[in-house]
Trainee: 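Dropping the structure in here first, questions after.
Protein chains get the first letters and strands the later ones, always in sequence-line order, with residue 1 at the start of each. Here the structure is a predicted model, which means the values were calculated and not measured.
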Amino acid sequence: MSDLKTALGEAVAAAFAAEGVPADLARVTPSDRPDLADFQSNGALAAAKRVGKNPREIATAVAERLKGDPRLSSVEIAGPGFINLKVADAALSDRANAVAADPRAGAETMAVPRRVIVDYGGPNVAKEMHVGHLRASIIGESLKRIYRFRGDEVIGDAHFGDWGFQMGLLIAAVCDTHPAIAELVEDLNARGEVTEADKGRLAVLATLGLDDLGALYPPAAERAKGDVEFRNRARRLTAELQSKKAGYYALWERFRDVTREALIRDFHALGVDFDWWKGESDVEDLIGPMVADLDAKALLVDDQGARIVRVDRNGETRPKKLADGTVVEAPWPDPLLVVSSEGSAMYGTTDLATILDRRRAFDFDLVIYCVDQRQADHFEIVFRAAYLAGYADEGQLIHVGFGTMNGTDGKPFKTRAGGVLKLNDLIEMTREKARERLHEQSLGEDVSADEFEEIASKVAVAALKFADLQNFRGTSYIFDLDRFSSFEGKTGPYLLYQVVRVKSLLRRAAGEAARPGPVIVGESAERDLVLALDAFDAALADAYDKKAPNILAEHTYRVAQAWSKFWAACPILQAEPAVCASRLTLATATLRQLELALDLLGIATPDRM
RNA sequence: GCGCCCGUAGCUCAACCGGAUAGAGCAUCCGCCUUCUAAGCGGACGGUUGCAGGUUCGAGUCCUGCCGGGCGCGCCA
C-alpha cells in the first residue's frame with residue numbers, strides 16, 4: 001500500500017513514458033500552492049530542458065493522459081509547465097481508510113534491512129549530564145528509533161567514556177581528599193588482589209557518590225593544566241589503572257558503577273535507553289593485538305617518538321600553521337595517533353579498537369556516530385584508518401554531526417553564573433512550569449498524585465525534546481530557556497495536547513456507544529487532514545535518508561495542526577451518524593500516527609493534561 | 001595560515017534532485033468558549049534570504065569573490 005504521492009508519481013511517470021520523455025523526472029510533490037492543487041509535478045520543466053521541447057507542450061500532453069485517472073478530480077497546467085493535480089474525494093477516502101486500518105499508520109518498511117549501530121549520548125564517568133548532552137541523546141535516540149521502525153536491526157550504544165587520563169586525575173583527587181579510601185587503595189595495591197576478606201572494607205568506597213566525583217573532577221582537571229607534578233602523577237596513576245593494579249582498579253570500578261547507575265536513570269527519565277553500555281575500558285584488551293596487527297600490515301609509522309597511521313591519500317596536503325606560527329605544507333588529514341610517545345593508547349586508538357569490538361559482537365552494515373560536529377576531522381581520520389586496516393568497508397562508518405547549543409552570545413551555552421546548566425535542573429525547572437500549568441487547569445483534582453507527576457514529566461520532556469528536534473541537527477542554535485520551556489505554539493506540549501484531545505474524544509465516543517465507520521471525505525479540513533496523514537511515509541524516509549529527525553518533527557507538527565483545525569471546524573459526536581462514524585475513524589487514524597511519530601521522536605504521551 | 005559549518009521577518013527556526021506568491025512559532029494588534037479539553041482556532045502586521053557578480057527559461061538553494069559569526073587543525077577525550 002503506497003501513499004498518494006508515490007501512487008500519483010507512478011501514474012505521472014507512466015504518462016511521461018507514453019509521451020516519450022524521461023520518466024525518471026516525473027516526480028510528484030505536495031503542492032506549493034494548496035489553493036490550486038493537492039500535488040504537483042514539475043517534471044515537464046526538467047524534461048523540456050533534456051529533450052529540447054517546449055515544457056508546456058509536454059505538460060499538456062501528459063495532462064491529457066492523466067485526465068482519465070479516476071483518482072484525480074482535476075489536472076491542470078499552470079505557469080511555465082507545472083502540472084497541478086487535485087485528488088478526488090473518493091481516492092482520499094480510500095487512502096484514509098487504508099491508513100486507519102494499518103497498524104503502522106501508513107508507513108512502509110524497507111525491502112532490505114540493515115544491521116546498524118548508533119553510537120550516541122557520550123556520557124562520561126564522574127560527569128553529570130548537562131545541556132550539552134541533550135542534543136546527542138535526543139537526536140541519537142530518535143535516529144535509533146526511526147531506523148528500527150523502518151525495519152533495520154539496530155543497537156544503541158552509549159559508548160561510555162570510562163577510561164583514560166581523567167580516571168588518573170580522579171584517582172589522585174579522591175586519594176588526596178579521602179584518607180580512608182587512600183589507605184584501602186594502597187593496601188590493595190600492595191597485596192595485588194582483592195580477596196573475599198576485603199568485601200567489608202570495600203564498603204568505604206560506597207560512600208563515594210556521583211556528587212562527590214562531580215565536585216572533585218573539575219578542580220583536578222584545572223590543576224593538571226598548570227601543575228606539572230600533579231599531571232605526571234595522574235598520568236602514572238592512569239597507567240597503573242590500565243595495568244589493573246588491584247587498589248586503583250577497585251576504586252575505578254566504583255567510579256564506573258556509581259556513574260553508570262545514575263546516568264541510566266537520568267537517560268531513562270529523558271526517554272533515552274541504550275542497548276549497550278559498552279565502555280572504552282571494554283576494548284582495552286583489544287588494543288595490544290590491534291597495534292600488533294596494524295604493525296603487521298605495515299600501517300604503523302614512528303614519528304616524533306609516537307606511533308601513527310598515515311591516512312592521507314596520494315600525498316594529499318594542506319598548508320598548516322605550527323605552534324610557533326610558521327606555515328608548512330603538511331599531509332592532510334592528520335595521521336591517527338595510535339600510541340603516544342609515553343606508550344599509551346589515545347582517543348582514536350580506542351575508537352579504532354571499538355570498531356573491531358563491534359564488528360565481532362554485531363556484524364554491522366553501518367555505524368552511525370551521533371557526535372558533536374566539532375569531531376568531524378577526528379572521525380574522518382579514524383574512519384580512514386579503519387578502512388585502511390580492513391576493519392570496516394568503505395562507507396560503513398558515518399559521522400552524523402550536530403551543532404552546539406549556544407547562548408545568546410553565540411558561544412556554547414553557559415548559565416548566568418558562568419557554569420554549565422545541569423540537565424536534571426533543566427528538566428526540573430520545566431517540570432515545575434508544567435505543574436503550575438496543570439494546577440491552573442485544576443487537573444490535580446481529577447488525577448492521582450502519581451499520575452499528576454507523570455503528566456508533568458511527560459509535558460516537560462516533550463517540551464525540551466521537541467524544542468531541540470525541530471531544528472536541523474547540523475546547525476548550531478541559540479538555547480533560549482523560555483523557548484525550551486514554552487507550552488504554546490509549535491512545541492512539544494502542543495503535540496501532546498492534540499493527542500490528549502483525540503483520546504478524550506474517543507473516551508467520550510465509547511461512552512456514547514458511537515462507533516467508527518468508513519471514511520467519507522467532504523469538508524476541506526477533512527481533506528487537509530488526510531493529505532497530512534498521507535505524508536507520513538515520505539517524511540520518515542526522508543528523515544531516515546538524511547538522518548534528520550527534524551523532518552519527522554515537522555511532519556508530526558503538521559498532522560497535529562491539521563487535526564486541530566479539523567477539530568475546530570468539524571463537529572464529530574454531534575454530526576449525523578455516518579459522518580460521525582467517518583470522523584471517528586479519522587480521529588483514530590490520527591491518534592495512531594501521532595503517537596507513533598512522537599514515539600519515534602522519543603516523546604511519550606499522557607492520557608490527559 | 002588552512003579547512004568545515006552558518007548568515008532567511010523584531011526574536012527563534014523551516015523550506016522536498018534549482019520551480020509558482022520564501023513558510024511556521026513567538027512577540028504586537030483584532031476576533032472566537034450555552035457544543036467533543038481555548039496548552040486551541042480564525043484574521044492582521046511583518047522579507048532586497050549578509051554584500052557583489054556569475055550559471056540558468058527560473059537561484060534562499062549551484063559557482064566565484066568579499067563582509068560577519070561559530071568550530072577544528074597529533075601526544076585531553
Trainee: What integer distance in Å separates K225(A):NZ from A77(B):P?
Mentor: 14 Å

Trainee: Once hydrogens and angles are ignored, does a donor-acceptor distance under 3.5 Å link the base of A20(B) to the side chain of N84(A)?
Mentor: yes

Trainee: Any donor-acceptor pair under 3.5 Å joining the side chain of D32(A) to the base of C16(B)?
Mentor: yes

Trainee: Do other residues, nucleotides or ligands put more than 12 heavy atoms under 6.0 Å from R515(A) CZ?
Mentor: no

Trainee: For a quick test of reading the model: is some side-chain N or O of R27(A) closer than 4.0 Å to OP1 or OP2 of C16(B)?
Mentor: no

Trainee: Treating a pair as Watson-Crick (purine N1 to pyrimidine N3 plus N6-O4 or O6-N4) or G-U wobble (N1-O2 and O6-N3) with both distances under 3.5 Å, list the stems of 3 or more consecutive pairs that involve RNA chain B.
Mentor: B:1-7 with B:67-73, B:10-13 with B:23-26, B:28-32 with B:40-44, B:50-54 with B:62-66

Trainee: Do nucleotides 2-9 of chain B as a string where each nucleotide becomes B, S or -: B if the base has a protein heavy atom under 4.0 Å, S if just the sugar-phosphate does, - if no protein is that close.
Mentor: SS--S---

Trainee: Looking at C13(B), G72(B), G74(B), which one has an atom nearest to any side-chain atom of I478(A)?
Mentor: C13(B)

Trainee: Measure from CZ on R473(A) to P on C71(B) and round the result to the nearest Å.
Mentor: 20 Å

Trainee: Looking only at the side chains, is there a donor atom on one of T6(A) and D3(A) sitting less than 3.5 Å from an acceptor on the other?
Mentor: yes

Trainee: Which way is the base of C62(B) turned, syn or anti, if we draw the line at 90° from 0?
Mentor: anti

Trainee: With the sugar-phosphate defined as primed atoms, P, OP1 and OP2, and the base as all remaining atoms, what B/S/- string results for nucleotides 36-49 of chain B, 5' to 3', for protein heavy atoms under 4.0 Å?
Mentor: BBSBSSS-------

Trainee: Return the value, rounded to whole Å, for the distance between atom OH of Y369(A) and atom P of A77(B).
Mentor: 17 Å

Trainee: Assess whether ring pair (Phe, Tyr, Trp, His ring centres under 6.0 Å) is satisfied between F383(A) and H399(A), documenting all intermediate values.
Mentor: CA-CA 9 Å; F383(A) 294 170; H399(A) 173 219; 7.3 Å; no

Trainee: Under 3.5 Å, is there a donor-acceptor pair linking the side chains of R501(A) and Q498(A)?
Mentor: yes

Trainee: If the cut-off is 4.0 Å, is R235(A) near the phosphate of C76(B), judged by side-chain N/O to OP1 or OP2?
Mentor: yes

Trainee: For L4(A) and C16(B), what is the distance between atoms CG and P respectively, to the nearest whole Å?
Mentor: 22 Å

Trainee: Does NZ or CZ of R223(A) come closer than 6.0 Å to the centre of the six-membered ring of F230(A), within 45° of the ring's axis?
Mentor: yes

Trainee: In whole angstroms, how far is the P atom of C16(B) from the CG atom of L540(A)?
Mentor: 18 Å

Trainee: Within this structure, what is the CG-to-C1' distance between N406(A) and G69(B), rounded to whole angstrom?
Mentor: 10 Å

Trainee: Please report the distance, rounded to the nearest Å, between NE2 in H378(A) and P in C75(B).
Mentor: 13 Å

